[in-house]
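This chain uses plain numbering: 1 for the first residue, then up along the sequence.
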Amino acid sequence: MIDVDGYLAVLGVDRPAAPTAEALWALHRAQVERVPYETLDNQLGRPSSIGAAESVARILRGRGGYCFHLNGAFAALLEALGYDVTLHRAGVQDEVEDPEGPGGDHLALTVGLDGERWLVDTGLAGGMYEPLPLRAGTYTQGPFTYGMAPSAVVPGGWRFAHDPRGAFTAMVFAPEPVELSSFAAEHRRLSTSPESGFVRVLQVQLRDAKGVDMLRGCVLRRIDAGGTEERTIDAADDWYDVLADVFHLNLTDVAAPERAALWDRVRAAHREWEAAARR
């Protein structure tokens, strides 16, 4: 069981009287606007589980997560509200599809409504603002244009193509339903392996109707119809202010020594990146 009313309060959405398309769109928009994609626990050495109840509890205390947390929690909310939700094995990919299919580094959701299925994904790192139909075509949401097409590799699968300014190129998912627990091993790798990008570099993103805010290490970007604004944050206090003010993250459970160590780690990674860029 999850705290449905508490979750809806975080989203600022009233409990819908029925599982309608209008309510689903409102829930999706609210989730991506208010619950950040973030990898802070990996940087803090606090990898969490991906159980839906724990992920919902994270959201209620002012935190987010990445796809397994965000979509796992959102799926549980939608199911509690009466929606027909399916979890899918997915993978973030490059321009050419991997012939092996999705690797399981992403959890995708689909929802059936009025005889049609929709991609519902609140864990795509600043991606979709609203659900997309499983129909081939291009779709514009705010300043970004996305593509949907049948997978060229996975029978019955689909491929989501991100806007060229997005944080990744594409995502492919298989049609078969899976359980949230099937992602546990991949989550363990992504959250603990020294080779994981989620461990090496802190990432925080939050979508809204007009664009996306992205923090990668010390670099804050705002991407919208006007282009891309970028600045490097050089002071710990300013960096923590950005986490609180831009991304609505509650870090009251992070003690002062942990805050200092986290900033030192993020700053050191940024200096390494700067040195590599100058070579």
With rounding to the nearest 0.5 Å, note down the distance linking [atom1] in [X] to [atom2] in [Y].
X	Y	atom1	atom2	result
Thr228	Ile223	OG1	CD1	4.5 Å
Arg117	Thr86	CZ	OG1	4.0 Å
Asp238	Cys218	CG	SG	11.0 Å
Trp239	Ile233	CH2	CD1	8.5 Å
Ile50	Arg58	CD1	CZ	11.5 Å
Asn250	Arg63	CG	CZ	8.5 Å

[X] and [Y]: which non-hydrogen atoms are nearest, and at how many Å?
X	Y	value
Pro155	Pro175	O-CG, 3.5 Å
Pro102	Ala174	CG-N, 4.0 Å
Ser49	Ser55	O-OG, 4.4 Å
Asp5	Arg15	OD1-NH2, 3.0 Å
Val4	Ala80	CG2-CB, 3.6 Å
Ala18	Ala23	O-CB, 4.2 Å

How about [X]: does its [atom1] atom have over 12 heavy atoms from other parts shown lying under 6.0 Å from it?
X	atom1	answer
Arg165	CZ	yes
Asp245	CG	yes
Glu229	CD	no

Same cluster or not: [X] versus [Y], using hydrophobic residues (I, L, V, M, F, W, Y) connected whenever any side-chain heavy atoms lie under 4.5 Å apart?
X	Y	result
Val201	Leu44	no
Val254	Val246	yes
Leu109	Leu113	yes
Leu132	Phe168	yes
Leu24	Val56	yes

(message) Check this for me: does any side-chain nitrogen of one of Arg200 and Glu272 sit under 4.0 Å from a carboxylate oxygen of the other?
(response) no
Could you check whether any side-chain N or O of [X] sits under 3.5 Å from a backbone N or O of [Y], counting only pairs where one atom can act as donor and the other as acceptor?
X	Y	answer
Glu33	His28	no
Gln141	Glu130	yes
Arg207	Val212	no
Arg34	Val10	yes
Ser196	Ser193	no
Thr39	Gln203	yes
Glu38	Gly64	yes
Asp105	Val92	yes

(request) Begin with the C-alpha distance, continue with both residues' side-chain angles, and end with the deciding distance and a verdict on salt bridge (charged side-chain N to carboxylate O under 4.0 Å, His left out) for Glu186 and Arg89. (result) CA-CA 11 Å; Glu186 184 63 9; Arg89 180 180 178 84; over 6 Å; no
Student check: side-chain heavy atoms of [X] and [Y] closer than 4.5 Å:
X	Y	value
Leu40	Leu202	yes
Arg159	Gln93	no
Val172	Val153	no
Leu249	Pro36	yes
Tyr7	Leu27	no
Met128	Val32	no
Tyr146	Tyr129	no
Glu97	Ser151	yes

(message) I'd like to check the side-chain hydrogen bond (donor to acceptor under 3.5 Å, both in side chains) partners of Tyr83; sequence neighbours left out, ordered by chain and number.
(response) none
(message) Pair Leu215, Leu243 - check side chain to side chain contact (heavy atoms under 4.5 Å, CB included), show working.
(response) CA-CA 9 Å; Leu215 179 66; Leu243 292 178; 3.6 Å; yes
(request) Using the side chain to side chain contact (heavy atoms under 4.5 Å, CB included) rule, take Trp158 and Leu119 through it: C-alpha gap first, then chi angles, then the decisive distance, then the call. (result) CA-CA 9 Å; Trp158 285 86; Leu119 176 63; over 6 Å; no
(request) Decide yes or no on side chain to side chain contact (heavy atoms under 4.5 Å, CB included) for Leu78 and Val111, but give the supporting numbers first. (result) CA-CA 9 Å; Leu78 295 181; Val111 170; 4.0 Å; yes
Could you pull out every donor-acceptor pair under 3.5 Å between side chains of residues 68-77 and any protein atom, sequence neighbours left out?
from  : atom 1 : to     : atom 2 : distance (Å)
His69 : ND1    : Tyr66  : N      : 3.2
His69 : NE2    : Ser48  : OG     : 3.2
Asn71 : OD1    : Thr122 : N      : 2.9
Asn71 : OD1    : Thr122 : OG1    : 3.1
Asn71 : OD1    : Gly123 : N      : 3.4
Asn71 : ND2    : Leu107 : O      : 2.8
Asn71 : ND2    : Asp121 : OD1    : 2.8

(request) Sort out for me which residue in Arg222, Arg221, Arg231 forms a salt bridge (charged side-chain N to carboxylate O under 4.0 Å, His left out) with Asp213. (result) Arg222
(request) Measure up the His162 and Phe144 rings against each other and bin them: parallel (under 30°), tilted (30 to 60°), perpendicular (over 60°). (result) perpendicular
(message) Here's a test for you: under side chain to side chain contact (heavy atoms under 4.5 Å, CB included), which of Thr110, Val178, Val154 qualifies with Phe173?
(response) Thr110
(request) Could you please spell out the steps behind the side chain to side chain contact (heavy atoms under 4.5 Å, CB included) verdict for Arg259 and Tyr240? (result) CA-CA 9 Å; Arg259 286 177 173 245; Tyr240 278 106; 3.3 Å; yes
